[in-house]
Amino acid sequence: MELKPALSYKNQIIKLKNDHNLSISNYEFAEEILKKVNYYRLSGYGIGLKKSENKEHYKDKVSIEHLFNLYCFDSQFKNNIIRTIEQIEIELRTQIAYHLSNKYGSDALMHENNFIYKTTKEGQSIYSIINENLNKEINRQKINLLLNIT
């Protein structure tokens, strides 16, 4: 399969305008957009804005600014969701740690019998996998600390 040739920003703008019916009134701004968001990523935000009779053409009056605004909204939306998920994760971990330490002691995580016994398809306990990964990370951090001190 032959790859499409690389196009300059100017030629990308011409292609969007002429071949895809995208409204572009400010070529300098369009170039700035394409420098921030590549052609194919930006085009993906216009999939639902194509003409039903010609899937290669955007509906009339759809502009590069519309696509860029959709991209910006999507980016901001994802960032907001990630921040929210992070807050929920921290709160959940805090509540779990509080419950376990008050019910089973401050070393609750070190005792497999405090957890439901589950295994992988291969028969290895989930607890042992998590514990092994935790110990690897602790050792990695110790090595990094020693390397940074010396």
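The residues of the chain are indexed from 1 along the displayed sequence.
- One distance of note links CE of Met110 with CG of Asp107; it measures 8.0 Å at 0.5 Å rounding.
- The shortest distance between side-chain heavy atoms of Ile143 and Arg140 does not fall below 4.5 Å.
- Side-chain N or O atoms of Lys17 include one that pairs as donor or acceptor with a backbone N or O of Ile24 at under 3.5 Å.
- The two residues Ser23 and Lys61 make their nearest non-hydrogen contact at CB-C, 4.4 Å.
- Side chains of Leu67 and Leu22 form a contact here, defined as non-hydrogen atoms less than 4.5 Å apart.
- In this structure, His20 contributes its side chain and Glu56 its backbone to a donor-acceptor pair below 3.5 Å.
- A donor-acceptor pair is defined here as one N or O able to donate and one able to accept, closer than 3.5 Å; such a pair exists between the side chain of His66 and the backbone of Ser63.
- Surrounding CD of Glu2 are at most 12 heavy atoms belonging to other residues, nucleotides or ligands under 6.0 Å away.
- Distance check, rounded to the nearest 0.5 Å: OH of Tyr39 to OH of Tyr9 gives 14.0 Å.
- Between Asn114 and Ala108 the shortest heavy-atom distance is ND2-O, 3.0 Å.
- Residues Val37 and Ile14 fall into different hydrophobic clusters, defined by Ile, Leu, Val, Met, Phe, Trp and Tyr side chains chained together at heavy-atom separations under 4.5 Å.
- Clustering ILVMFWY residues whenever any of their side-chain heavy atoms sit less than 4.5 angstrom apart, transitively, puts Ile33 in the very cluster that holds Tyr27.
- Side-chain contact between Lys15 and Asn11 is absent, with no heavy atoms from C-beta onward closer than 4.5 Å.
- Rounding to the nearest 0.5 angstrom, the gap separating the OH atom in Tyr104 from the CZ atom in Phe115 is 8.5 Å.
- With a 4.5 Å cut-off on side-chain heavy atoms, Ile116 and Ile126 do not count as touching.
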Step-by-step side chain to side chain contact (heavy atoms under 4.5 Å, CB included) determination, Arg41 to Tyr71: CA-CA 9 Å; Arg41 178 176 289 272; Tyr71 163 80; 3.9 Å; yes
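- Annotation for Gln12 and Leu7: closest pair NE2-O, 3.0 Å, computed over non-hydrogen atoms.
- No continuous path of hydrophobic side-chain contacts links Phe77 to Leu49 [ILVMFWY only; heavy atoms under 4.5 Å].
- Using modelled atom types, no side-chain atom of Asp74 and backbone atom of Leu70 make a donor-acceptor pair closer than 3.5 Å.
- Between the Ser101 side chain and the Gly105 main chain, no donor and acceptor come within less than 3.5 Å of each other.
- Taking each heavy atom of Ala30 and Ile13 in turn, the nearest pair found is CB-CD1, 3.8 Å.
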Worked check of side chain to side chain contact (heavy atoms under 4.5 Å, CB included) between Asn38 and Leu34: CA-CA 5 Å; Asn38 83 46; Leu34 289 169; over 6 Å; no
From CA spacing to verdict: side chain to side chain contact (heavy atoms under 4.5 Å, CB included), Tyr58, Ser43: CA-CA 10 Å; Tyr58 290 98; Ser43 296; 4.0 Å; yes
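- Between Lys59 and Val62 the shortest side-chain heavy-atom distance falls below 4.5 Å.
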Chi angles and distances behind the side chain to side chain donor-acceptor pair (under 3.5 Å) call for Glu137, Gln141: CA-CA 6 Å; Glu137 180 61 21; Gln141 293 292 334; 2.7 Å; yes
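- Residue Tyr117 comes nearest to Ser125 through the heavy atom pair CE1-CB, 3.6 Å, listed as atom of the first residue, atom of the second, then distance.
- When side chains are defined from C-beta on, Asn131 does not count as touching Ser128, because their heavy atoms never get closer than 4.5 Å.
- The OG1 atom of Thr119 sits 9.0 Å away from the CD1 atom of Ile129 when rounded to the nearest 0.5 Å.
- Taking every heavy atom of both residues into account, Tyr127 and Leu109 meet most closely at OH-O, 2.6 Å.
- Leu100 and Ile130 are assigned to two separate hydrophobic clusters, defined by single-linkage of ILVMFWY side chains at heavy-atom distances under 4.5 Å.
- By the rule that hydrophobic residues join a cluster once side-chain heavy atoms approach within less than 4.5 Å of another member, Tyr40 and Leu42 end up as members of one cluster.
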Pair Gln76-Asn80, side chain to side chain contact (heavy atoms under 4.5 Å, CB included): steps then yes or no: CA-CA 6 Å; Gln76 191 173 38; Asn80 288 339; 4.1 Å; yes
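- By the neighbour-count criterion of 12 heavy atoms within 6.0 Å, atom NZ of Lys36 is sparsely surrounded, having that number or fewer from other residues, nucleotides or ligands.
- Atoms CD1 and OG1, from Ile88 and Thr84 in turn, are 6.5 Å apart once rounded to the nearest 0.5 Å.
- To the nearest 0.5 Å, the span separating NZ on Lys50 from CG on Asn21 amounts to 10.5 Å.
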